[in-house]
Amino acid sequence: SASKAVFASQLRHCESLLDGRHVHSLVTEAGLHGDRFLCNLLIQMYNTCGSLVEARSVFDSLAEPNVFSWNLIVTAYAQHGDLQEAAKLLEQCPVQDTVSWNAVLAGYAQKGQVSEALRFFGRAPNRDVISWNALVSANIRSGSLNGAKLVFVRMPQWTTVSCNTLLSAFGQKGELAETWSIFSNMPERSVVSWNALVVANARAGCIDAARQVFDRTPQRTAASWNAMAAAYAANGEAGKAKSLLLQNSVVDQDTAAWTAILSAYGDRGQVEQAKECFDCMIRRDAIAWNGLLSGYSQAGHIAQAKLVFAKMPQRDVVTFTSLLSGYAQQGQGQAAVAEALQQFKGM
RNA sequence: CCUUCCCUGUCCGCG
């Protein structure tokens with residue numbers, strides 16, 4: 001019905017857990033909480049909004065979960081890092097397919113657990129190119145580009161994603177020759193390939209080459225602009241980064257770029273400029289907050305860093321290490337650690 | 001029509 005389509009669209013575009021819960025309550029009020037299609041979207045929404053518990057409870061409410069429901073909940077646990085539970089659900093799943101197995105495999109890949117991934121890959125009833133791609137990723141995440149390459153050459157076929165995976169890994173290391181070689185030999189490219197090439201050139205300090213690649217990129221996405229702006233910022237060209245962003249009409253998707261700029265200011269100890277960037281941002285996510293805190297911390301402005309720490313909506317392990325390294329830089333030893341621990345306890 | 005693999009920004013470490 002019409003309302004189903006509306007709810008579906010709303011669930012796909014939820015930006016926060018609170019949004020999602022609100023739509024969930026509307027679904028319930030409309031008497032559609034038994035609808036499997038919407039429940040599947042609810043599971044997905046709760047997963048992407050970070051509430052595994054609520055995803056699970058929607059799944060458990062389903063009288064007859066279908067293959068999508070099962071795969072969504074397996075994926076949710078895998079992405080959350082709970083591979084035990086993901087594997088357990090996979091085992092209980094009466095309709096498991098390659099997607100379910102790949103979801104767990106991707107969980108191992110995300111953790112960089114290569115031997116576990118390999119074992120799981122070997123146990124799978126079926127494999128496809130996505131399974132192979134996950135193996136490549138597992139090696140990359142574990143830090144073994146050589147391992148990734150070995151898997152890559154052994155796999156039965158390549159897709160653009162396969163090539164992009166390897167391309168990006170070499171690119172992030174600034175290995176320009178290897179990156180260009182992969183890029184040149186790709187039969188088909190996507191915008192992801194072009195973006196990875198921008199990053200590769202930036203990492204290698206070749207800012208003009210990065211810009212040339214950016215200019216030649218067909219169908220640029222927000223990530224393209226963000227990568228190019230970050231390239232400028234990291235190479236000491238914050239002004240160019242800003243003016244590039246002003247030419248970009250996708251003004252709501254530039255959080256990454258502004259974070260890169262503020263971080264570049266932070267690296268140079270220009271904390272006021274960093275704060276200015278932060279204040280100008282339309283959206284501020286956890287990474288942006290961490291970037292600001294890190295700027296203060298690195299510059300030795302511990303008091304400001306503590307203020308940010310107190311103010312930010314969420315804290316994670318990066319938040320802690322940023323603050324800790326600020327204390328450490330002041331060389332205050334045990335007293336510093338004790339005070340940092342006090343901050344952590346307050347959460 | 002809903003599920004699995006790739007690109008952009010934050011700290012530390014490793015190379």
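Sequence lines set the chain letters: A, B, ... in the order given, protein chains first and strands last, and positions in each chain run from 1.
Near-neighbour residues of RNA chain B inside residues 193-215 of chain A, defined by a heavy atom below 4.0 Å, number-ordered: Asn195(A), Ala196(A), Val199(A), Arg203(A). Taking a 4.0 Å limit (strictly below) on heavy-atom distances, residues 5-17 of chain A reaches RNA chain B at Arg12(A). Applying a 4.0 Å cut-off to non-hydrogen atoms, the residues of residues 23-38 of chain A that approach RNA chain B are Phe37(A), listed by residue number. Looking at residues 101-128 of chain A, you'll see Asn102(A), Ala103(A), Ala106(A) sit with a heavy atom under 4.0 Å from some atom of RNA chain B. For RNA chain B, the residues of residues 269-295 of chain A within the heavy-atom distance limit of 4.0 Å (strictly under) are Asp285(A), Ile287(A), Asn290(A), Gly291(A), Ser294(A), sorted by number.
Here the side chain of Leu72(A) is nearest to one of U3(B), C6(B), G9(B), namely U3(B). For Ala227(A), whose side chain is taken as the heavy atoms from C-beta onward, the closest listed nucleotide among C11(B), U8(B), U4(B) is U8(B). Distance from the side chain of Thr259(A) is smallest for G9(B) among the nucleotides C7(B), C5(B), G9(B). The side chain of Ser325(A) sits closest to C11(B) out of U3(B), C11(B), C7(B). Residue Ala230(A) places its side chain closer to G9(B) than to any other of C6(B), G9(B), C11(B). You'll find that the side chain of Val318(A) is closest to C11(B), out of U4(B), C11(B), U8(B).
With hydrogens and angles left out, the side-chain atoms of Thr319(A) and Asp316(A) include a donor and acceptor closer than 3.5 Å. Side-chain contact check for Ser142(A) and Asn139(A): no donor-acceptor pair (N or O, by modelled atom type) lies under 3.5 Å. Side-chain contact check for Asn195(A) and Asn226(A): no donor-acceptor pair (N or O, by modelled atom type) lies under 3.5 Å. Between the side chains of Gln96(A) and Trp70(A), no donor N or O sits under 3.5 Å from an acceptor N or O. Donor-acceptor pairing under 3.5 Å is recorded for the side chains of Arg56(A) and Tyr77(A).
Atoms CD and NZ, from Glu116(A) and Lys111(A) in turn, are 9.5 Å apart once rounded to the nearest 0.5 Å.
Tested against Tyr46(A) for a side chain to side chain contact (heavy atoms under 4.5 Å, CB included), the candidates Leu11(A), Leu52(A), Leu17(A) yield a single pass: Leu17(A).
In this entry the distance linking CG of Asn66(A) with C1' of C1(B) reads 12 Å, nearest Å. At whole-Å resolution of the value, CD1 in Ile140(A) and C1' in G15(B) are 16 Å apart.
In terms of polar N and O atoms assigned as donor or acceptor, the side chain of Thr321(A) comes within less than 3.5 Å of the base of C11(B) in a complementary pairing.
Note: Tyr296(A) and His301(A) have parallel aromatic rings, judged against thresholds of 30 and 60 degrees for the angle between ring planes.
Looking only at distances, a side-chain donor or acceptor of Arg284(A) sits under 3.5 Å from a matching main-chain atom of Asp279(A). With hydrogens and angles disregarded, a donor-acceptor distance shorter than 3.5 Å links the side chain of Arg127(A) to the backbone of Gly122(A). A donor-acceptor distance shorter than 3.5 angstrom exists from the side chain of Thr165(A) to the backbone of Val161(A), with no hydrogens or angles considered. Not one N or O on the side chain of Ser294(A) forms a donor-acceptor pair closer than 3.5 Å with the backbone of Asn290(A). Under a 3.5 Å cut-off, the side chain of Ser297(A) and the backbone N or O of Ser322(A) do form a donor-acceptor pair.
The number of heavy-atom neighbours closer than 6.0 Å to CD of Gln84(A), taken from other residues, nucleotides and ligands shown, is 12 or below.
Residue pairs meeting the ring pair (Phe, Tyr, Trp, His ring centres under 6.0 Å) criterion with at least one partner in residues 127-154 of chain A, sequence neighbours excluded, are Phe121(A)-Trp132(A), Phe152(A)-Trp158(A).
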Test log, rule ring-ring contact (aromatic ring centres under 6.0 Å, His included), inputs Phe214(A) and Trp194(A): CA-CA 7 Å; Phe214(A) 173 80; Trp194(A) 289 89; over 10 Å; no
